[in-house]
Amino acid sequence: MFLSCLLSKQRWKMLNQINEISDKPLTDHKEAPTYLCLHGHFYQPPRDNPFTNQVPIEPAATPYANFNEKITVECYRPNAEAGNFDYINFDLGPTLASWMENAHPDVYERIIEADKKHRAIYGVGNAMAQAYNHTILPLCKTRDKRTQIQWGLSDFRHRYGREATGMWLAETAVDMECLDLLAQHGITYTVLAPWQAATNIDPSEPYLVSLPGGRSITVFFFNAPLSGGVSFDSHMTNNADLFAESYLPEHIVQSKRNTGEAQIILIATDGELYGHHKLWRDKFLTHLIQIGAPGFGFEVCSLEYFMRMFPPSKEVTLRTPSAWSCGHGVARWDQGCECTEGDSSWKGDLNRALRNLSEKGDQLFERYTSETLTDPWAARDFYLPIRNGWETVESFWRKYSKHQRPPTDQLVAQRTLLLLEAQYYQQCSVTSCGFFFEDLDRIEPRNNIACARRAISLTWQALGIDLQPEFVHDLQKAKSGHTGLTGADMYRQLPVVSAGQLPTLSP
Ligand SMILES: [Zn+2]
């Protein structure tokens, strides 16, 4: 479903023709090893109805109940059972991890276990955290960036039992503030597309990005022709031995090879391609990492392992804001651009509706929780483990209440928690998936609107203030080029909820 999140086919074809980094094919495998890292970005957005937390039946996924189930059978389970996660580098998006933990705990445990195994063998983990809601961070306010990063780190800490050192950014979308916030939160590396560099780079080595206050962060640039090929060219991945023997050597930097200098080939793709987007590619992956690549002189490694052995020695300047699947900064997820076919003006309209709603939600949140909380925004950063039951509500009040204890008025306490939960769904309402594709009338924008409605409902329950009329009025401007439906029509088509949860919307 999100295969195309990687990079556009056109861009890949172009890069494949250029293939700017290869020298001559490798003929002697006995020299210094070339490292190979396969990064899988495993992610699904939340599919559940935010009022019931149930995932509705998705007919297109038949015979499975929904796409999460289908992809588990085709990809997550076979890759986990084959031990592929032990060798690759990966991030497991929090919303997917959360679903998998409940729906298929054995698969989930096997993936979490992979990071522990990797640490036991190599001294470092091979899992990266992910900014929580797969949100395009350059489009966020500073405090929202911080919350997304904090929630992603908190989720990672809970699942893997350690602090994250790497973080995957949705669509590899960056600006300098994002990177600085990552560094401030202890993140030492991330992955970007080569075209996000403003200067010439050699993707066979990581680079340092200088940040304010003497901070810095390491960035790995993935090998674009190989990452695109593995994603889109089925012939390339028919045979893992052939891939290791014929395709990989073309990307070795021979000058480094000759001088014994370390180099890494990083293939970063959506993880779901291994078995879901591309049938049987889970088996390709197993053979490649266990037999094919080592047999032809490549040492399979994780990013942090490589970085520990060979820290970056060069600096890079980045194009910002930028992302891996848009050539127009981050316009694809903002006002729209030619990266998606047809009229994409609905993106700007949907964004305006969501931003107006967030603006009002934020004002109400700040105003009403300031009565009880020392710093509402710092409290929001800490909220994820509370709502998920990983930390007690008492610990929350101790840290963030003005009086280091729960408010004596139960209604005030409840109102604070409802407004925090409204903030949670407000964050969910701007996930990048809603803006990725070409049309408004799809499941992804519907899910964004459904999450916004849940935030409206929680605000209503907390304060008796109804943000629906203005939001629906704003949504009226966003129109599907395919079906003519507006965002307002889609809002009205959402499942009915009880009167206590939302006031009736006048026609
Ligand atoms: Zn674009």
If you apply the rule side chain to side chain donor-acceptor pair (under 3.5 Å), what do you find for Ser344 with Glu438, and how did you get there? CA-CA 6 Å; Ser344 58; Glu438 79 292 351; over 6 Å; no
Walk me through whether Arg281 and Asn238 qualify under side chain to side chain donor-acceptor pair (under 3.5 Å). CA-CA 8 Å; Arg281 291 322 186 268; Asn238 273 341; 3.1 Å; yes
N/O donor-acceptor pair under 3.5 Å between Asp155 side chain and Trp151 backbone: no
Please work out whether the ring planes of Phe284 and Tyr274 are parallel, tilted or perpendicular, with thresholds of 30° and 60°. parallel
Think Arg162 forms a cation-pi with Phe156, using NZ or CZ under 6.0 Å from the six-ring centre and within 45 degrees of its axis? no
What orientation do Tyr305 and Tyr35 show, parallel under 30°, tilted 30 to 60°, or perpendicular over 60°? perpendicular
Interatomic distance, OH@Tyr425 vs CG@Asn133, rounded to 0.5 Å, equals 10.5 Å
Please tell me whether Phe85 and Phe90 form a close aromatic pair, meaning their ring centres lie under 6.0 Å apart. yes
Could you tell me how the ring of Tyr43 sits relative to the ring of His41: parallel (under 30°), tilted (30 to 60°) or perpendicular (over 60°)? parallel
Donor-acceptor contact present, side-chain Gln335 to main-chain Gly348, <3.5 Å: no
Please work out whether the ring planes of His39 and Trp168 are parallel, tilted or perpendicular, with thresholds of 30° and 60°. parallel
Would you confirm whether Thr165, through its side chain, and Ile187, through its main-chain N or O, come within 3.5 Å as a donor-acceptor pair? no
Should Arg159 and Tyr108 be marked as a side chain to side chain donor-acceptor pair (under 3.5 Å) after you check the CA-CA gap, both sets of side-chain angles, and the distance that decides it? CA-CA 10 Å; Arg159 301 188 187 286; Tyr108 170 80; 3.0 Å; yes
Compute both the distance and the angle, then confirm whether Arg332 meets the cation-pi test with Phe435: under 6.0 Å from the six-membered ring centre, within 45 degrees of the axis. no
What pair of heavy atoms forms the shortest contact from Ser325 to Glu171, and how long is it? OG-OE1, 2.8 Å
Determine, step by step, whether Tyr122 and Met309 satisfy the side-chain contact (heavy atoms from CB on, under 4.5 Å) criterion, reporting the C-alpha distance in whole Å, the side-chain angles of both residues, the deciding distance to 0.1 Å, and the verdict. CA-CA 11 Å; Tyr122 300 102; Met309 286 190 296; over 6 Å; no
Tell me whether the guanidinium CZ or amine NZ of Arg442 lies under 6.0 angstrom from the six-membered ring centre of Phe437 and within 45° of its axis. yes
Residue among Asp362, Asp334, Asp349 satisfying salt bridge (Lys or Arg N to Asp or Glu O under 4.0 Å) with Arg355: Asp334
Below 30° counts as parallel, above 60° as perpendicular, anything between as tilted: where do the rings of Trp195 and Phe222 land? perpendicular
Take His134 and Ser432 through the test side chain to side chain donor-acceptor pair (under 3.5 Å) and record every step on the way to the result. CA-CA 6 Å; His134 213 268; Ser432 68; 2.8 Å; yes
For the pair Asp48 (side chain) and Pro50 (backbone), establish whether a donor and an acceptor sit closer than 3.5 Å, ignoring hydrogens and angles. no
Can you tell me how the ring of Phe221 sits relative to the ring of Tyr207, calling it parallel under 30°, perpendicular over 60° and tilted otherwise? perpendicular
Take the angle between the ring planes of Phe436 and Trp333 and call it parallel below 30°, perpendicular above 60°, tilted in between. tilted
Under the 3.5 angstrom rule, does the side chain of Ser480 hit a backbone N or O of His482 as a donor-acceptor pair? yes
